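Single-structure report; data block below.
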Amino acid sequence: SQQGEEDPQALSIQEGENATMNCSYKTSINNLQWYRQNSGRGLVHLILIRSNEREKHSGRLRVTLDTSKKSSSLLITASRAADTASYFCATVGGYSTLTFGKGTMLLVSP
Amino acid sequence: DAGVIQSPRHEVTEMGQEVTLRCKPISGHDYLFWYRQTMMRGLELLIYFNNNVPIDDSGMPEDRFSAKMPNASFSTLKIQPSEPRDSAVYFCASSSGDSYNEQFFGPGTRLTVL
């Protein structure tokens, strides 16, 4: 299966701390995307990193991709209570569609 | 733009009843996706359309499920007859250009089948 697996399943931190979530996958990819889902809402796209890219930044988000290890990480710096959500990685093999992992639940306490 | 619109937001029905979920994609998007999310199975792709044509329906669980896209601005997902195990949140998403680009999700329909 191309499905990515996020790690950890749940993460609890204090405001101001950094949060790191990881995603591992099994086969070669076209790109990898991270999404956020607030409770009771739809998923929101955060960032897309292509297979020939190693690192990408967007505001307080930093995504890395290591195709040799078939893994990606999402770093949220200086976290805020509003960052509390589930975070999903989605992988794309070839020219197919997205396959989502089961997500990491992040809780940021004030 | 209003984003992807789904209706209803919540649906409670009894086993055996027909359920119809509706989706309006973002104007100009040529891909439309239907997903189902449960705690056990996560987010599963049911079917997706390109230019109103179904491309891959391999994720549709059973013949009880059917989806249509009569035009570029409207799609339906129908379950007939519904069963308790169909209880889930159903999301519609749209994208443009390619099937592997960024997707824009609707708010979802929470379906409960009693």
Side-chain angles (χ1 to χ4, degrees), chain A residues 1-10 21 23-53 56 58 61 63 65 72 74 85-105, chain B residues 1-10 21 23-26 29-50 53-60 88-112:
Chain A
S1 168
Q2 180 57 52
Q3 185 180 44
E5 292 187 9
E6 293 90 346
D7 171 64
Q9 289 186 330
M21 288 158 271
C23 173
S24 60
Y25 55 93
K26 296 179 181 176
T27 62
S28 61
I29 59 170
N30 176 301
N31 69 62
L32 186 147
Q33 303 177 30
W34 286 91
Y35 287 77
R36 182 187 74 227
Q37 183 179 32
N38 291 87
S39 181
R41 311 286 284 274
L43 280 72
V44 174
H45 181 266
L46 295 176
I47 199 163
L48 181 155
I49 187 164
R50 301 190 190 285
S51 59
N52 61 354
E53 297 176 310
K56 213 163 182 182
S58 177
L61 305 180
V63 170
L65 179 64
S72 172
L74 170 67
S86 291
Y87 292 81
F88 296 85
C89 72
T91 52
V92 181
Y95 296 95
S96 183
T97 57
L98 303 181
T99 303
F100 288 85
K102 292 197 174 178
T104 292
M105 292 180 60
Chain B
D1 196 320
V4 176
I5 298 172
Q6 291 187 248
S7 65
R9 292 295 310 276
H10 302 272
L21 311 181
C23 175
K24 176 177 168 55
I26 292 173
H29 282 189
D30 51 354
Y31 283 87
L32 184 140
F33 306 82
W34 281 101
Y35 292 91
R36 178 173 66 177
Q37 186 177 39
T38 62
M39 289 293 293
M40 289 295 293
R41 301 175 68 91
L43 196 65
E44 302 173 281
L45 176 65
L46 300 177
I47 185 172
Y48 79 94
F49 296 83
N50 177 219
V53 176
I55 303 301
D56 184 356
D57 65 354
S58 60
M60 297 284 262
V89 181
Y90 290 81
F91 289 101
C92 175
S94 68
S95 70
S96 65
D98 288 293
S99 63
Y100 47 87
N101 286 347
E102 170 188 355
Q103 294 184 14
F104 295 79
F105 280 74
T109 294
R110 181 173 295 276
L111 174 64
T112 302

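In the text below, chain A, chain B and the rest are named by the order of the sequence lines, each starting its count at 1. Keep in mind the model is a prediction, meaning the values are calculated, not measured.
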Flag if over 12 foreign heavy atoms under 6.0 Å of CD, B:Glu44: yes
May I ask you to check whether B:Tyr48 and B:Gln103 show a side-chain donor-acceptor distance below 3.5 Å? no
B:Arg41, part contacting chain A, at a heavy-atom distance under 4.5 Å: backbone
So what's closer than 4.5 Å to chain A heavy atoms on B:Phe33: side chain, backbone, both or neither? side chain
Sort B:Asp56 into side chain, backbone, both or neither according to what part of it lies under 4.5 angstrom from a heavy atom of chain A. neither
Quick one: are A:Thr97 and B:Tyr31 in side-chain contact, heavy atoms under 4.5 Å? no
Between A:Leu43, A:Asn31, A:Val44, which shows the greatest number of heavy-atom pairs under 4.5 Å with chain B? A:Leu43
Does either side chain, that of B:Gln37 or that of A:Gln37, offer a donor lying less than 3.5 Å from an acceptor on the other one? yes
